Amino acid sequence: MKVGVSTACLYPKPLEECLYDLAVNGVPNVEIFINTHSELKKGFAHGVANLLKRFDVNCASVHPFTCEIETLMFFSPYERRMNDILEYYKHYFDFMNTVGAEIFVFHGGKPSSTLDADLYCERYLKLYRLGKEFGIKTAVENVSRCKSASSAFIKDIAGRLGDEFAFVLDTKQAVRAGENPMNFLDAAGKSTVNVHISDSGEMGDCLLIGRGRFNFRQFFEKLNSFNPDCNVILELYRNGFGGISDLITSCNTLIKMTEPYGREK
């Protein structure tokens with residue numbers, strides 16, 4: 001398993017500064033959260049790639065800042081929007097090719113009377129197949145405010161899509177949706193390629209590792225049975241930790257936890 005930390009943890013610090021702070025402290029893998037359009041430009045992407053190379057850091061995955069408009073752009077009846085957003089998402093895929101990332105995080109649509117499984121799969125497939133042309137795997141993330149909040153829905157679309165489906169499991173979002181994260185592993189199975197992980201318990205649903213009661217051993221054993229090469233990315237909100245040392249401690253703890261199941265890089 002490839003353990004790392006999301007640059008989103010340090011938001012709103014500029015992306016390159018977040019990345020430098022993680023890299024200089026020895027984080028082996030990162031998920032890059034793109035915060036705005038200018039960060040997709042070629043010059044910026046090459047700067048990021050050089051920083052990653054300098055510190056021997058792997059970029060496991062990329063998260064788009066446009067996730068909040070995916071309902072509007074991917075799942076409306078206005079076809080031109082779909083065409084335009086597919087064209088725009090090529091910027092992300094070009095960025096990913098430059099920095100060496102292979103997993104693209106997709107929130108998808110929010111629940112509505114018109115967004116059923118058929119429409120979801122139809123539109124998702126267009127993006128999945130576009131990403132495949134760039135060597136990118138587009139993975140649906142479970143998000144409590146989105147259609148993907150339900151493990152039953154994930155199981156449904158995973159069955160429909162077969163090999164053209166990938167999944168990002170966010171443990172805190174599962175808890176927020178009133179679900180056990182293990183249910184999503186069972187629903188997505190071997191299609192689980194990326195995990196946004198944190199601890200959870202009485203003190204909250206997005207805690208530093210060791211601050212809650214999440215059963216990491218059981219979780220990693222189940223994850224290993226489905227995909228031992230999965231990315232495991234620490235993702236915390238900025239108010240959930242004190243400083244960079246907290247992130248490094250949690251990252252190192254995760255590396256030790258996952259050592260029996262594969263390499264961290």
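This chain uses plain numbering: 1 for the first residue, then up along the sequence. Because the structure is a prediction, the values reported are computed rather than measured.
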Under 3.5 Å donor-acceptor pairs involving side-chain atoms of residues 38-54, not counting sequence neighbours:
{"unit_1": "Glu39", "atom_1": "OE1", "unit_2": "Asn35", "atom_2": "N", "d": "2.8"}
{"unit_1": "Asn50", "atom_1": "ND2", "unit_2": "His46", "atom_2": "O", "d": "3.2"}

Identify each donor-acceptor pair in which a side-chain atom of residues 6-14 lies under 3.5 Å from a protein atom, sequence neighbours left out, and give them as a table.
{"unit_1": "Ser6", "atom_1": "OG", "unit_2": "Ala8", "atom_2": "N", "d": "3.0"}
{"unit_1": "Thr7", "atom_1": "OG1", "unit_2": "Phe33", "atom_2": "N", "d": "2.9"}
{"unit_1": "Lys13", "atom_1": "NZ", "unit_2": "Asp21", "atom_2": "OD2", "d": "2.7"}

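Considering every non-hydrogen atom in both Ser150 and Glu179, the closest pair reads CA-OE2, 3.6 Å. Looking at every heavy atom in both residues, Gly109 comes nearest to Phe75 through N-CE1, 3.2 Å. Counting all heavy atoms, side chain and backbone alike, Ala23 lies closest to Val57 at CB-CG2, 3.8 Å. When every heavy atom of Asp199 is checked against every heavy atom of Gly210, the shortest pair comes out as OD2-N, 2.8 Å. When all heavy atoms of Thr138 and Ala166 are compared, the closest pair comes out as O-CB, 3.7 Å.
The environment of Asp118 atom CG is dense: over 12 non-hydrogen atoms of other residues, nucleotides or ligands sit within 6.0 angstrom.
Using a cut-off of 4.0 Å between Lys/Arg side-chain N and Asp/Glu carboxylate O, Glu122 and Lys126 are scored as not salt-bridged. No salt bridge links Arg80 with Asp84; every basic N to acidic carboxylate O contact stays at or beyond 4.0 Å. The pair Lys172-Glu235 meets the salt-bridge criterion, with a side-chain N (NZ, NE, NH1 or NH2) lying under 4.0 Å from an Asp/Glu carboxylate O.
Between Tyr20 and Phe55, the ring planes lie perpendicular to each other; the angle is over 60°, past the 30° to 60° tilted range. The aromatic rings of Phe165 and Phe167 sit parallel to each other, their planes meeting at less than 30°, with 60° as the upper class boundary.
Of the listed residues (Val195, Thr258, Leu169), just one forms a side-chain contact (heavy atoms from CB on, under 4.5 Å) with Leu223, and that residue is Val195.
Applying the ring pair (Phe, Tyr, Trp, His ring centres under 6.0 Å) definition to pairs two or more places apart or across chains, those involving residues 219-247 are Phe214-Phe219.
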Where do Arg145 and Glu68 land on the salt bridge (charged side-chain N to carboxylate O under 4.0 Å, His left out) test, with the steps shown first?
CA-CA 10 Å; Arg145 62 185 179 276; Glu68 286 302 305; 2.5 Å; yes

